[in-house]
Colleague: 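Sharing a structure with you now.
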Amino acid sequence: MDPVRVISDYVRFPSVSTDPAFAAGMAGARDFAAQLLAGAGLAVEVEQTPLHPIVLGRRTGPAHWPHVVLYGHYDVQPADPLDQWASPPFEAQVRDGRLYGRGAADNKGPHTVGILGLANLLKRRPDLPLRVTVILEGEEEIGSPSFGGFLQKHRAELSEADFVLLSDTCSPGGGQIVVTTGLRGIAGFELRVSGPRTDLHSGLHGGAVLNPIQALAEICASLHKPDGSVNIPGFYDGVAAPEQWERDELKKFPLSGESYKKFLGVAALYSQPDVTPIEATRYAPTLEFNGVGGGYQGEGQKTVIPATAFAKFTCRLVPGQTATDIVEKVRAAVLARVPAGVRVEVKVTQGNDAYLVVPPGKPNAPASAKPALARAFAAAETAIANAFGSPPLFLREGGSVPIIGDIKRETGLDSLMIGLFTPESNLHAPDESLDLDTITRGIAAYESLLEQVAAAGR
Ligand code: BES
Ligand code: MN
């Protein structure tokens, strides 16, 4: 079957996990995923969770066969703002060599690539000595609240596997594939500043009370130093510079500061001490504001001192930091900076540590890694070089897939992550898309990788 057609049909189900109005879309995507797995020759099971069910596909076999866990998520982000899409988000469309639609890149396209690679392989090699467990969850975009319970229930089965394989990370494009060696963690916060008991006329009372928006702005502005670094005591404790081999990989990264500025549409990059822009997005922690509000937001002007104001922000975390520690440091710093006359409530919305998988053979690779991981990384290097024409770069990622760290902690499994979307893919934004050539080559790479893993034995 034509892979582009398969992904297009999958995209048609609006599986927005955060919004209960999309329950039918979630169910449709789930049924579609189940059929996809059955079509690949796997035994399918849909497991209920407190929220969105998890779709499982299994190929069982004797314990001496290698056992790969394939992960993906069938849920997507909301498609808003709808009027900014060139074609309807849930009617996939091919334009200029790309497939457009919500979920085309994050993550329906990439995990379908993996499943179709496996399907091709099993069709060609029906007796292949390989065990596979496919896990497709429906809550990744809302922080995977049900995944912890799922891991506990399946800990024995999963701990016995060799490694996790997934494509939910980014590559630079131009045919250069990245094998992702780290994910940043994330800590999320909401600040609510409260001042007077009610909104006030700014002529009657202006000058006598501290405006909650002003207080909020001062607190927010205090969270960075003029040099761009995060201004929270101890924020950088334990953060290490990239290893030499990582710097060598970064040198091969095909993106200049000039082209990055052009891509972003900014006149200047915002730099921080001692890191290049690429390093800053992948190897360093950040604090970014995601939303801010308060007061009058309508047309024209309203002379009001609002009673409250809020801001939402997230920290991306790197190895050496822990979410628990950063949460306490951020909370303490914010509360120490509250001016007289307002109250501040700090709500913590999420906390996940970073994840690191050092390619076996590199100087800082842990000796504790399962032996199968080395074979998997070697197989990926060959498979990607053959399918894409050049070997992968091994780089850490700026984004977060929190469950990958949870899987490591609960089951000891490491993850082999192959980046199939690119910055042009517009993740979480209008006109999300996936490159068609990457779909074809990606399927070939997965097929070759899994065949090599099976051949290597345990
Ligand atoms: N696929 C992304 C993660 C990602 C984004 C990797 C960009 C590489 C580059 C994933 O679906 C995602 O969006 N994750 C969230 C995590 C959050 C919801 C806890 C993220 O990174 O913001
Ligand atoms: Mn994703």
Side-chain angles (χ1 to χ4, degrees), residues 7 10-11 15-19 29 33 51-52 70-79 101-114 135-148 164 166-173 177-190 253 255 263-264 278 280-283 285-291 312-318 323 326-327 348-357 393 395-407 415 417-429 432-434:
I7 299 169
Y10 201 176
V11 165
S15 45
V16 179
S17 51
T18 194
D19 186 346
L51 189 55
H52 299 301
L70 273 173
Y71 168 86
H73 60 91
Y74 67 85
D75 65 323
V76 301
Q77 286 274 325
R102 173 59 87 231
D106 190 8
N107 170 253
K108 288 171 175 170
H111 74 249
T112 301
V113 162
I135 303 172
L136 301 178
E137 72 154 315
E139 301 177 2
E140 198 277 344
E141 299 293 359
I142 51 171
S144 305
S146 301
F147 210 77
V164 180
L166 68 146
S167 288
D168 199 17
T169 49
C170 195
S171 279
I177 293 295
V178 162
V179 167
T180 301
T181 57
L183 298 162
R184 287 199 285 192
I186 190 163
F189 304 87
E190 281 179 34
F253 191 85
L255 182 65
F263 175 77
L264 296 173
I278 308 296
T281 59
R282 292 165 179 268
Y283 296 77
T286 61
L287 186 156
E288 293 291 344
F289 299 102
N290 307 122
K312 298 178 186 236
F313 64 92
T314 41
C315 296
R316 296 279 171 174
L317 310 178
V318 298
I326 292 298
V327 159
V348 177
T349 55
Q350 55 185 336
N352 291 93
D353 296 349
Y355 170 73
L356 192 66
V357 52
L393 295 180
L395 295 174
R396 293 194 230 160
E397 177 59 74
S400 308
V401 186
I403 58 100
I404 295 302
D406 297 343
I407 291 176
S415 287
M417 301 179 272
I418 301 175
L420 290 184
F421 58 76
T422 65
E424 291 74 26
S425 290
N426 279 8
L427 253 63
H428 297 193
E432 178 179 343
S433 69
L434 189 63

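Ligands are counted one by one from 1 in listed order, and the atoms in each one are counted from 1 as well.
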Colleague: Would you indicate whether the side-chain heavy atoms of D168 and F421 approach each other to under 4.5 Å?
Modeller: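 Yes, close enough: below the 4.5 Å cut-off.
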Colleague: How close do A323 and N352 get, counting heavy atoms only, and between which atoms?
Modeller: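 Of all heavy-atom pairs spanning A323 and N352, the closest is CB-N, 3.5 Å.
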Colleague: List the closest protein heavy-atom neighbour of atom 2 (C) of ligand 1: residue, atom name, distance to the nearest 0.1 Å.
Modeller: D106 OD2, 3.9 Å
Colleague: Below 2.8 Å, any N, O or S contact between D106 and the Mn ion (ligand 2)?
Modeller: yes
Colleague: Classify the contact between R316 and ligand 1 as side chain, backbone, both or neither, using a heavy-atom distance cut-off of under 4.0 Å.
Modeller: side chain
Colleague: Checking only N/O/S atoms, does E140 have one that is under 2.8 Å from the Mn ion (ligand 2)?
Modeller: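 So E140 does not bind the Mn ion (ligand 2) by this criterion.
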Colleague: If the cut-off is 4.0 Å to any non-hydrogen atom of P402, which atoms of ligand 1 fall inside it?
Modeller: 19 (C)
Colleague: What N/O/S atom of H73 is the closest to the Mn ion (ligand 2)?
Modeller: NE2
Colleague: Hey, do the aromatic rings of F147 and H73 have their centres closer than 6.0 Å?
Modeller: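 Not under 6.0 Å, so no.
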Colleague: List the closest protein heavy-atom neighbour of atom 14 (N) of ligand 1: residue, atom name, distance to the nearest 0.1 Å.
Modeller: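 Among all protein heavy atoms, the one nearest atom 14 (N) of ligand 1 is S400 O, 2.9 Å.
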Colleague: Apply the side-chain contact (heavy atoms from CB on, under 4.5 Å) test between R396 and each candidate in L183, L356, V178, V357; give the one that qualifies.
Modeller: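 Exactly one pass, corresponding to L356.
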Colleague: Specify the protein heavy atom at minimum distance from atom 1 (N) of ligand 1: its residue, its atom name, and the distance to 0.1 Å.
Modeller: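 Ranking protein heavy atoms by distance from atom 1 (N) of ligand 1, first comes D168 OD1, 2.7 Å.
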Colleague: Under 4.0 Å from a heavy atom of E140: which atoms of ligand 1 are those, numbered in the order shown and with their elements?
Modeller: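 Checking each atom against E140, I get 10 (C), 11 (O), 12 (C), 14 (N).
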Colleague: Please write down residue, atom name and distance for the protein heavy atom closest to atom 5 (C) of ligand 1.
Modeller: L427 CD2, 3.8 Å
Colleague: Relative to each other, are the rings of F313 and F289 parallel, tilted or perpendicular (30° and 60° limits)?
Modeller: perpendicular
Colleague: Going by the atom numbers of ligand 1, which of them fall below 4.0 Å from some non-hydrogen atom of Q350?
Modeller: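 Listed by number with element: 19 (C).
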Colleague: Does the side chain of E397 pick up a donor-acceptor pair with the side chain of T169 at under 3.5 Å?
Modeller: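 Checked: E397/T169 side chains show no N/O donor-acceptor pair below 3.5 Å.
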Colleague: When you check the side-chain N and O atoms of T349 and K312, is any donor under 3.5 Å from an acceptor?
Modeller: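 On atom types as modelled, these side chains do not qualify, holding no pair under 3.5 Å.
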Colleague: Could you point out which residue of V113, I418, I177, T112 forms a side-chain contact (heavy atoms from CB on, under 4.5 Å) with S167?
Modeller: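 Going through V113, I418, I177, T112 one by one, the side-chain contact (heavy atoms from CB on, under 4.5 Å) with S167 is satisfied by I418 alone.
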Colleague: What are the atoms of ligand 1, with element, lying closer than 4.0 Å to any heavy atom of H73?
Modeller: 11 (O)
Colleague: Out of V327, N290, L287, which one pairs with F189 under the side-chain contact (heavy atoms from CB on, under 4.5 Å) rule?
Modeller: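 Only one of V327, N290, L287 forms a side-chain contact (heavy atoms from CB on, under 4.5 Å) with F189, namely V327.
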Colleague: Any heavy atom of R282 sitting closer than 4.0 Å to ligand 1?
Modeller: no
Colleague: To the nearest 0.1 Å, how far is atom 8 (C) of ligand 1 from its closest protein heavy atom, and which atom is that?
Modeller: E397 CD, 3.2 Å
Colleague: Would you give the length of the straight line joining atom OG1 of T281 to atom CZ of R316, rounded to the nearest 0.5 angstrom?
Modeller: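 If we round to the nearest 0.5 Å, T281:OG1 and R316:CZ are 11.0 Å apart.
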Colleague: Do any nitrogen or oxygen atoms of H428 come within less than 3.5 Å of a nitrogen or oxygen of ligand 1?
Modeller: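 N/O-N/O distance below 3.5 Å exists for this pair.
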